[in-house]
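Since this is a predicted model, take the numbers as computed values, not measurements.
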Amino acid sequence: MGAGRAELFPHGADVGVRGRGPTVGSAFEQAALALTSVVTDPAGVVSRERSVVECEAPDREQLLVDFMNEIVSEMSARRMVFGELEVTIEGNRLRATVWGEPVDLERHAPEVEPKGVTSTELRVAREGDEWIAQCVVDV
């Protein structure tokens with residue numbers, strides 16, 4: 001898993017998620033961890049099950065939206081949360097291996113469920129020596 005930071009930022013009734021890292025892939029990883037933190041603390045998620053997510057888009061911004069929506073879909077369909085990710089980006093193709101576990105209502109104490117990712121405040125850019133990947137999540 002790449003080094004970096006996962007952050008939430010306020011955005012009206014929705015929530016903004018932002019990942020920062022030394023590579024664009026690590027910024028995407030951190031953005032997905034920020035998405036998990038909307039539901040529960042990613043540090044408390046045990047890597048019991050593995051899943052692979054792949055997507056392709058015309059540009060990095062749309063790639064982020066597609067990737068994050070795939071994560072939302074995996075979380076919803078499989079009733080899981082993810083605490084570890086490994087993202088590889090080659091051109092406009094992404095392949096991610098994600099590890100997590102089924103939601104445990106008592107231990108994870110989820111308060112909201114992400115419904116989807118929007119292009120509001122969408123941004124994938126290099127700032128100095130780090131990459132930033134951010135978007136807004138409908139909850």
Side-chain angles (χ1 to χ4, degrees):
M1 186 165 54
R5 287 190 322 261
E7 305 171 349
L8 300 180
F9 64 92
H11 189 272
D14 296 331
V15 64
V17 295
R18 179 181 298 131
R20 297 176 183 265
T23 66
V24 69
S26 64
F28 275 48
E29 290 168 4
Q30 295 303 313
L33 287 175
L35 175 62
T36 294
S37 72
V38 169
V39 178
T40 191
D41 180 358
V45 176
V46 178
S47 298
R48 296 176 199 261
E49 297 180 28
R50 175 184 165 271
S51 184
V52 174
V53 172
E54 295 180 309
C55 48
E56 184 174 359
D59 56 48
R60 286 185 173 148
E61 288 78 13
Q62 188 59 49
L63 190 61
L64 177 63
V65 170
D66 292 353
F67 167 59
M68 297 291 278
N69 275 321
E70 286 290 329
I71 296 297
V72 168
S73 179
E74 283 284 311
M75 290 170 79
S76 177
R78 298 180 63 200
R79 304 279 307 141
M80 290 187 66
V81 287
F82 301 106
E84 185 179 349
L85 299 97
E86 186 176 294
V87 173
T88 303
I89 297 174
E90 293 179 8
N92 292 331
R93 297 184 96 146
L94 176 146
R95 184 174 200 280
T97 305
V98 297
W99 294 269
E101 65 179 325
V103 173
D104 178 322
L105 295 177
E106 188 174 306
R107 195 162 47 83
H108 296 130
E111 293 186 26
V112 297
E113 180 178 352
K115 297 175 189 162
V117 175
T118 72
S119 59
T120 305
E121 296 199 43
L122 177 60
R123 184 167 177 239
V124 176
R126 188 169 185 87
E127 274 189 10
D129 62 349
E130 71 179 356
W131 281 90
I132 294 175
Q134 73 176 35
C135 56
V136 171
V137 178
D138 181 17
V139 292

Given 3.5 Å as the limit, does a donor-acceptor pair link the side chain of [X] with the main chain of [Y], or not?
X	Y	value
Asn69	Val117	yes
Glu29	Val87	yes
Arg107	Gly44	yes
Glu113	Ser76	no
Thr23	Ser26	yes
Glu61	Leu122	no

[X] versus [Y]: any side-chain heavy-atom pair under 4.5 Å?
X	Y	value
Gln134	Glu7	no
Asp14	Thr120	no
Val53	Glu74	yes
Phe82	Val45	no
Val39	His108	no
Val17	Met68	yes

Assigning hydrophobic clusters by single linkage (Ile, Leu, Val, Met, Phe, Trp, Tyr; side-chain heavy-atom cutoff under 4.5 Å), is [X] placed with [Y]?
X	Y	answer
Val15	Ile132	no
Leu105	Val139	yes
Val72	Val112	yes
Leu35	Val103	yes

So, taking the atom named [atom1] in [X] and the one named [atom2] in [Y], what distance separates them when rounded to the nearest 0.5 Å?
X	Y	atom1	atom2	answer
Leu33	Ile71	CG	CD1	9.5 Å
Glu70	Cys55	CD	SG	6.0 Å
Arg123	Cys135	CZ	SG	13.0 Å
Leu63	Leu94	CG	CG	5.0 Å
Thr36	Gln30	OG1	CD	10.5 Å
Asn92	Arg60	CG	CZ	7.5 Å

Practice item. Would you sort out whether Val124 and Phe28 count as a side-chain contact (heavy atoms from CB on, under 4.5 Å), showing the intermediate values? Key: CA-CA 9 Å; Val124 176; Phe28 275 48; 4.0 Å; yes
Heavy atoms only: give me the nearest [X]-[Y] pair and the separation to one decimal.
X	Y	answer
Trp131	Ala27	O-CB, 3.6 Å
Ala32	Leu85	CB-CD2, 3.4 Å
Asp66	Ala57	OD2-CB, 3.7 Å
Pro42	Ser37	CD-CB, 3.8 Å
Arg18	Ala34	O-CB, 3.9 Å
Glu54	Val52	CG-CG1, 4.1 Å

Exercise for review: Verify the neighbour count for atom CZ of Arg93: are there more than 12 heavy atoms of other residues, nucleotides or ligands below 6.0 Å?
Suggested key: no
